[in-house]
Amino acid sequence: PATVTLGSHTFTVYAADSAGNETANSSGSFSFSQRYYYATWYDNNIGGGATQHWLMINNEDTTDAAVDIFIGDMNNPVADDVPVAAGAVYAWQSPVALTTGPVMVVSTTGQALGVSQRVIYRDSFNEVDAMEGGTPASEYYFPWYDNSGANGMSGNWVMVSNMGVS
């Protein structure tokens, strides 16, 4: 048998003939693709007006998906093998207070997902889509920016994360 490790998942692959006997001289292949989704920040510390923060994961595929969620430390997931049923939306919240970034959601089963961050702050609601990895652009546009104290804002930031090594 051969052992293959992909991310946090380890698979043991056996080759066998039609009678179920292991064979040493078999060849074959399998594919396992992952999709990556990125956001800049996660903050579920309640206070200062913030009341809720979720990662929304939408699986419109016809098969169930599994995701790993990384926040801050890109080597250790804060949640792994999170099931997202076919055709369902899963709202994930960290069970512990986190104020850090970046955020990475990995579709370990390869389905294309819709991933966003949803935040309730005071009397407002905000949802921002995560960006899918592998499709970088040099420019991104946002529909609105408001840091006016007259509108009850005490701060507003444009967060930028560099997921690369340089």
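The basis for the numbers below is simple: all heavy atoms, side chains too, and nothing from hydrogens, waters or symmetry mates.
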Are any non-hydrogen side-chain atoms of Asp81 and Asp68 less than 4.5 angstrom apart?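 Yes - at least one pair of side-chain heavy atoms lies under 4.5 Å apart.
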Point-to-point distance, once rounded to the nearest 0.5 Å, from OH of Tyr36 to OG of Ser107: 10.0 Å
For side chain to side chain contact (heavy atoms under 4.5 Å, CB included), just list the numbers for Val84 and Asp64, CA-CA rounded to whole Å, side-chain angles, deciding distance to a tenth of an Å, and then say yes or no. CA-CA 6 Å; Val84 184; Asp64 293 348; over 6 Å; no
Given side chain to side chain contact (heavy atoms under 4.5 Å, CB included), test Ile57 with Ile69 step by step and report yes or no. CA-CA 11 Å; Ile57 304 165; Ile69 299 170; 4.2 Å; yes
Show your reasoning for whether side chain to side chain contact (heavy atoms under 4.5 Å, CB included) applies to Met56 and Glu127. CA-CA 9 Å; Met56 304 300 294; Glu127 188 159 4; 3.9 Å; yes
In this structure, CH2 of Trp41 is separated from CD of Gln117 (nearest 0.5 Å) by 11.0 Å
With no hydrogens and no angle check, do the side chains of Gln111 and Thr63 hold a donor and an acceptor under 3.5 Å apart?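 Present: a donor and an acceptor within the cut-off.
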Closer than 3.5 angstrom, by distance alone: can the side chain of Arg35 be matched with the main-chain N or O of Gly110 as a donor-acceptor pair? yes
Any non-hydrogen side-chain atom of Leu55 less than 4.5 Å from a side-chain atom of Val105? yes
Step-by-step side chain to side chain contact (heavy atoms under 4.5 Å, CB included) determination, Ile120 to Trp54: CA-CA 9 Å; Ile120 295 177; Trp54 302 270; 3.7 Å; yes
Sequence neighbours left out, cut at 3.5 Å: what donor-acceptor pairs do the side chains of residues 87-98 make with other protein atoms?
from, atom 1, to, atom 2, distance (Å)
Gln93, NE2, Gln52, OE1, 2.8
Gln93, NE2, His53, O, 3.3
Ser94, OG, Val96, N, 3.2
Ser94, OG, Val96, O, 2.7

Is Thr108 reaching over with its side chain to a backbone N or O of Ala66, donor-acceptor style, under 3.5 angstrom? yes
Is Val106 close to Val67 at the side-chain level, that is, under 4.5 Å between some pair of heavy atoms?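 A side-chain contact is absent here, since even the closest heavy-atom pair is not under 4.5 Å.
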Between CG on residue Asn44 and CD1 on residue Ile71, distance to nearest 0.5 Å: 7.5 Å
